[in-house]
Amino acid sequence: TNLYLVGFTGTGKSTVGRHVARELGYQFVDSDHAIEAAEGRTIPQIFAEAGEAGFRALERRFMESGHAPEG
């Protein structure tokens, strides 16, 4: 079972996500970090090269892929 938090940049999703994961006994995975590792480029680079639509497609693929947990 996965739980995904979505929302605007800078609204505290990672902070809340870490807390919720700890409370539920889930592993916290930061999708931005996972996407950067998979793509070999930073989020700002992805936005510059592929635009917001390209980044959102990578986010959607991450959530739909049944990704393996980090570390």
Side-chain angles (χ1 to χ4, degrees):
T1 302
N2 294 318
L3 172 66
Y4 297 96
L5 301 180
V6 296
F8 293 109
T9 302
T11 58
K13 296 179 300 291
S14 294
T15 300
V16 171
R18 283 184 186 91
H19 177 74
V20 170
R22 185 173 43 252
E23 291 294 317
L24 295 176
Y26 284 19
Q27 180 180 8
F28 175 78
V29 177
D30 186 310
S31 62
D32 284 354
H33 294 163
I35 290 168
E36 287 178 332
E39 292 294 306
R41 51 193 173 146
T42 66
I43 300 302
Q45 288 172 321
I46 293 168
F47 266 86
E49 296 168 9
E52 183 172 356
F55 175 70
R56 299 299 173 207
L58 293 171
E59 277 187 321
R60 180 175 299 280
R61 187 181 326 149
F62 173 81
M63 288 187 281
E64 292 175 347
S65 71
H67 57 277
E70 293 178 339

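Throughout, residue positions are numbered sequentially from 1 according to the sequence presented.
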For a quick test of reading the model, state the closest non-hydrogen atom pair linking S31 to F62 and the distance between them. CB-CE2, 3.5 Å
What is the minimum heavy-atom distance between K13 and F8, and which atoms define it? NZ-O, 2.8 Å
L58 and I46 have their tightest heavy-atom pair at CD1-CG2, 3.8 Å
Could you measure the distance from the OG1 atom of T42 to the NE2 atom of H33? Nearest 0.5 Å is fine. 11.0 Å
Same cluster or not: are I35 and L5 linked, directly or through other Ile, Leu, Val, Met, Phe, Trp or Tyr residues, by side-chain heavy atoms under 4.5 angstrom apart? no
Shortest non-hydrogen contact from S14 to D30? OG-OD2, 3.3 Å
Looking only at heavy atoms, the pair that brings A21 and Q27 closest together is CB-C, 4.3 Å
Closest non-hydrogen atoms of E59 and D32, given as atom of the first, atom of the second and distance, are OE2-OD1, 4.4 Å
Do Y26 and V16 sit in one hydrophobic cluster, given that two such residues count as connected whenever their side-chain heavy atoms are within less than 4.5 Å of each other, even indirectly? yes
